[in-house]
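Chain A is the first sequence line, chain B the second, and so forth, proteins listed ahead of strands; every chain is numbered from 1. Only this structure's heavy atoms are used, side chains among them; waters, hydrogens and symmetry mates stay out.
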Amino acid sequence: MRISQLFGKTQREIPAEADTISHQLLLRAGMIRQLTSGVYSYLPLAWRVLKKIENIVREEMDNAGGQELLLPALQPLELWQKSGRDLAFGQGLFTLSDRRDHKLALGPTHEEVITELVGATVQSYRDLPLRLYQIQTKFRDEPRPRGGLLRVREFIMKDLYSFDIDAAGLDESYNRMLQAYRNIYDRCGVPIRLVEADSGAIGGKDSHEFIAVAESGEDEVIYCDKCQYTANVEKAQSVKEKVEGGEPLPREEVSTPGIATIEEVSSFLKVTPNRTLKAVFYVADSKLIFIVIRGDLEVNEIKLKNALGSTELRLATSAEVAESGIIAGAASPVGIKNIKVIADDSITSATNLVAGANKPATHLRNVNYPRDFRTDLITDIAKAQAGDSCPRCGGKLSSIYGIEVGHAFKLGTVISQKLGAQFIDQSGLSRPIMMGCYGIGLGRLLAAAIEQNHDDKGIIWPAAIAPYQIHLCPLYREGSKVSEVAENLYTELTTQGLEVLFDDRQESPGVKFNDADLLGIPLRVTISPRTLEKNSIEMKKRTEKETQLVPLDEITERLKELSS
RNA sequence: CGGGGCGUAGCGCAGCCUGGUUUAGCGCGCAGCGUUCGGGACGCUGAGGUCGGUGGUUCAAAUCCACUCGCCCCGACCA
């Protein structure tokens with residue numbers, strides 16, 4: 001491809017919109033352009049990269065026993081109502097009506113469609129297992145698109161769905177996919193961590209995420225320095241240390257004027273935060289919920305949501321709290337009635353705690369559970385934090401951020417049951433099909449590849465997904481043979497089947513080199529009067545600083561070698 | 001949806017507070033000509049703007065007011 005004809009221009013300045021690296025570089029390299037929030041056009045360079053990623057994914061899916069197919073993006077809303085996941089997706093579902101006023105959804109994912117299809121097709125255990133996948137555009141009305149391609153509303157995703165007769169079969173499918181995924185990230189030059197995860201709106205039991213470590217990542221990962229334990233904060237557990245508080249003492253009221261937060265309470269009463277009780281208020285499916293947790297801990301909303309089995313959960317507004325007659329800043333579960341109280345199990349690990357007195361400017365000392373208050377549920381709803389102890393080995397937990405570039409779920413039979421996807425087993429009984437699903441966002445993976453492979457000059461494409469392998473960069477000078485040699489070399493290399501991006505523009509060396517660095521093609525080949533004097537061209541890898549001269553008659557061989 | 005910010009040429013910005021001297025300006029980019037040519041060269045000439053939209057205030061609005069649309073960032077969601 002000749003740069004003079006390439007659609008898409010490089011830009012020197014960083015667009016103000018972008019503040020993640022991949023977004024900036026994609027824009028500067030002229031690879032993408034935003035149409036509206038969370039919706040992007042892929043210009044030729046980006047599209048080439050995406051197709052490379054897609055092919056890698058396709059190969060690995062095929063190797064893992066997948067069969068590719070294509071499913072409708074336009075899906076009847078009834079199907080979603082049947083599975084009950086219209087509620088789980090809620091606002092995230094793009095919906096529309098046709099001319100007869102039938103409600104449709106733009107597929108945010110395809111479990112329903114594929115399950116309906118497989119249910120209608122599969123009859124016997126002999127038809128299983130099946131692993132079906134599609135690579136296509138999906139739509140989600142994200143609350144907040146961000147970071148360029150990292151989080152968008154219209155995106156190309158590979159989803160594979162596995163159908164097995166039982167849990168053992170699912171395990172096998174699951175493990176094969178995990179391996180296939182490792183291969184994919186490996187080939188794309190994106191190191192990942194396998195992370196235990198919450199299954200979210202998709203539902204199901206076991207779930208793992210593939211996280212590419214990056215500062216711009218939205219996911220926090222808690223991991224153990226000693227053992228293999230690695231989990232998304234949403235799911236991560238940690239050992240809550242016991243706090244020695246001694247034998248329960250009689251409860252006593254103390255006046256605490258102007259004192260509200262845990263920090264204020266603990267410094268005012270001279271107790272450590274882990275000797276206090278924190279009260280937090282949520283609204284779950286329109287009902288106010290009272291949360292109690294030890295003062296040094298934070299509420300993990302995902303855990304809370306799962307514990308409540310609610311579809312909608314948010315912090316209560318101060319007005320809502322006040323309406324229920326609760327005194328903010330001095331609230332406590334002691335004496336609370338008519339409100340559901342959910343407690344983190346940390347409250348059982350300490351005694352003689354400080355809590356609110358449900359009276360203005362008053363707190364209580366020596367509050368003990370269960371002596372002084374009741375709860376409706378006690379479970380783990382605390383957020384694991386770096387510095388906590390590992391739930392598996394007791395080692396120290398640390399935290400990093402990353403981009404979720406893949407997710408695997410053991411769905412089980414939740415959806416197949418709802419949609420009636422069954423098969424006849426060996427004993428002649430009808431049973432729901434055991435399902436798993438495995439997704440990779442291709443555009444996000446592309447962005448993650450940049451997040452992990454760049455320097456201050458630009459992108460450094462891993463060869464397997466680079467839009468071109470060779471950046472041919474002639475430095476023209478009148479009266480020299482540069483042009484002729486470059487043209488010949490371009491023709492020759494292209495004929496040999498090598499992917500060459502040919503900078504045939506009349507630009508100064510600085511412009512050309514900087515663009516080459518920005519575009520990040522693995523190998524730069526410079527031809528100039530200087531190199532021709534030595535009957536050579538110059539080669540430079542994008543990953544290295546050093547250049548080397550290669551004699552003209554060896555070029556083709558060397559380049560074929562290097563870019564194979 | 002809550003909080004914050006921003007809409008002026010393809011990109012980055014100034015002008016707005018304190019309406020009129022601006023024919024709306026600067027840099028990059030773009031077009032033409034010439035000189036340059038190993039790390040974003042220079043000169044000259046030139047093209048390009050519904051100042052997000054609507055309504056209002058005013059003799060006069062990019063500038064003030066109201067409404068509205070859009071975009072970005074922080075939180076709840078996810079590949």
Next item on the list: Please evaluate the base of B:G29 for a donor-acceptor partner in the side chain of A:Glu13 within a cut-off of under 3.5 Å?
Entry: no
Next item on the list: Just call it for A:Gln34: base, sugar-phosphate, or nothing, with non-hydrogen atoms closer than 4.0 Å on any strand.
Entry: sugar-phosphate
Next item on the list: Look through every strand shown and name the nucleotide pairing with B:C71 as Watson-Crick or G-U wobble, where both distances are under 3.5 Å.
Entry: B:G5
Checklist line | B:G48 versus B:A9 - spacing of their C1' atoms, nearest Å | finding: 6 Å
Next item on the list: Both distances under 3.5 Å, Watson-Crick or G-U wobble: report the partner of B:G46, or none.
Entry: B:C30
Margin query: Measuring from the side chain of A:Ala16 (C-beta onward, heavy atoms only), which nucleotide among B:C13, B:G38, B:G40 has the closest atom?
Written below: B:C13
Notebook entry, point to check: So what does A:Ser528 touch, heavy atoms closer than 4.0 Å: a base, only the sugar-phosphate, or nothing?
Noted result: base
Next item on the list: Could you tell me whether A:Pro474 contacts a base, only the sugar-phosphate backbone, or nothing, with contacts defined as non-hydrogen atoms closer than 4.0 Å?
Entry: nothing
Checklist line | Complementary nucleotide for B:A62 - Watson-Crick or wobble, under 3.5 Å | finding: none
Note to self: Closest approach to the side chain of A:Arg151, judged atom by atom: which nucleotide of B:G39, B:C28, B:C78 is it?
What the structure shows: B:C78
Notebook entry, point to check: Of all the nucleotides listed (B:C30, B:G38, B:A79), which has the minimum atom distance to the side chain of A:Lys9?
Noted result: B:C30
Note to self: Under 4.0 Å, counting only non-hydrogen atoms across every strand here, what does A:Leu442 touch: a base, just sugar-phosphate, or nothing?
What the structure shows: nothing
Item checked: Side chain of A:Glu404 - closest among B:C11, B:C78, B:G75 -> B:C78
Note to self: What I want to check is whether the side chains of A:Asn175 and A:Gln179 have a donor and an acceptor closer together than 3.5 Å.
What the structure shows: no
Note to self: Nearest to the side chain of A:Glu142, heavy atoms from C-beta on, is which of B:G38, B:C72, B:C77?
What the structure shows: B:C77
Notebook entry, point to check: Expressed as a whole number of Å, how far does the C1' atom of B:U36 sit from that of B:A41?
Noted result: 7 Å
Checklist line | Under 3.5 Å: donor-acceptor pair, side chain of A:Arg477, backbone of A:Ser528 | finding: no
Next item on the list: For B:U45 versus B:C6, give the span between their C1' atoms, rounded off to a whole number of Å.
Entry: 36 Å
Next item on the list: Could you tell me whether the side chains of A:Gln75 and A:His110 share a donor-acceptor contact shorter than 3.5 Å?
Entry: yes
Check: Closest to the A:Glu17 side chain: B:A76, B:C78, B:C72?
Finding: B:C72
Notebook entry, point to check: Which nucleotide sits closest to the side chain of A:Arg12: B:A76, B:C77, B:C28?
Noted result: B:C28
Margin query: Any strand counts, and the cut-off is 3.5 Å on both contacts for Watson-Crick or G-U wobble. Which nucleotide pairs with B:U36?
Written below: none
Notebook entry, point to check: Is the Lys NZ or Arg CZ of A:Arg140 less than 6.0 Å from the centre of A:Phe89's six-membered ring, within 45° of the axis?
Noted result: no
Next item on the list: Using the aromatic ring of A:Phe155 (for Trp, its six-membered ring), decide whether it stacks on the base of B:A79 within the limits of 5.5 Å and 30°.
Entry: yes
Margin query: Looking at A:Glu112 and A:Lys418, is there a salt bridge between them, counting it only when a charged N and a carboxylate O are closer than 4.0 Å?
Written below: no
Item checked: Side-chain N,O (A:Arg477) to OP1/OP2 (B:U36) below 4.0 Å -> no
Check: Between B:G40, B:C11, B:G38, which nucleotide has the shortest distance from any of its atoms to the side chain of A:Gln11?
Finding: B:C11
Notebook entry, point to check: Can a salt bridge be assigned to the pair A:Arg542 and A:Asp455 using a cut-off of 4.0 Å between side-chain N and carboxylate O?
Noted result: yes
Notebook entry, point to check: Does any N or O donor sit under 3.5 Å from an N or O acceptor when you compare the side chain of A:Arg524 with the base of B:G39?
Noted result: yes
Checklist line | Residue mapping more 5' on RNA chain B - nearest nucleotide basis, A:Ile527 or A:Gly439 | finding: A:Ile527
Notebook entry, point to check: What integer number of Å spans the C1' atoms of B:C26 and B:G55?
Noted result: 33 Å
Next item on the list: Sticking with atom P, work out how far B:G70 lies from B:C65, rounded to a whole angstrom.
Entry: 22 Å
Next item on the list: Ignoring the backbone of A:Thr526, work out which of B:G38, B:G40, B:A79 is nearest its side chain.
Entry: B:G38
Check: Will you find, in the side chains of A:Ser399 and A:Glu220, an N or O donor that is under 3.5 Å from an N or O acceptor?
Finding: yes
Note to self: Check A:Lys305 with A:Glu301, please: is the shortest side-chain N to carboxylate O separation under 4.0 Å?
What the structure shows: no
Check: Considering only the P atoms, how many Å lie between B:U21 and B:A62, rounded to the nearest integer?
Finding: 10 Å
Margin query: Taking the minimum atom-to-atom distance to the side chain of A:Asp517, which one of B:C78, B:G39, B:G10 wins?
Written below: B:G39
Notebook entry, point to check: Taking the same atom, C1', in B:A79 and in B:C13, what whole-Å distance lies between them?
Noted result: 36 Å
Next item on the list: Give one of base, sugar-phosphate or nothing for A:Asp515, where a contact means two heavy atoms less than 4.0 Å apart.
Entry: base
Check: Could you give the CD-to-P distance, from A:Glu218 to B:C73, as a whole number of Å?
Finding: 10 Å
Notebook entry, point to check: At under 4.0 Å, does any side-chain N or O of A:Gln506 touch on OP1 or OP2 of B:U36?
Noted result: no
Check: Does the side chain of A:Thr36 get closer than 4.0 angstrom to OP1 or OP2 of B:C71 through an N or O atom?
Finding: yes
Note to self: Once hydrogens and angles are ignored, does a donor-acceptor distance under 3.5 Å link the base of B:C77 to the side chain of A:Arg144?
What the structure shows: no
Notebook entry, point to check: Can you tell me how far C1' in B:C51 sits from the matching atom in B:U8, rounded to whole Å?
Noted result: 4 Å
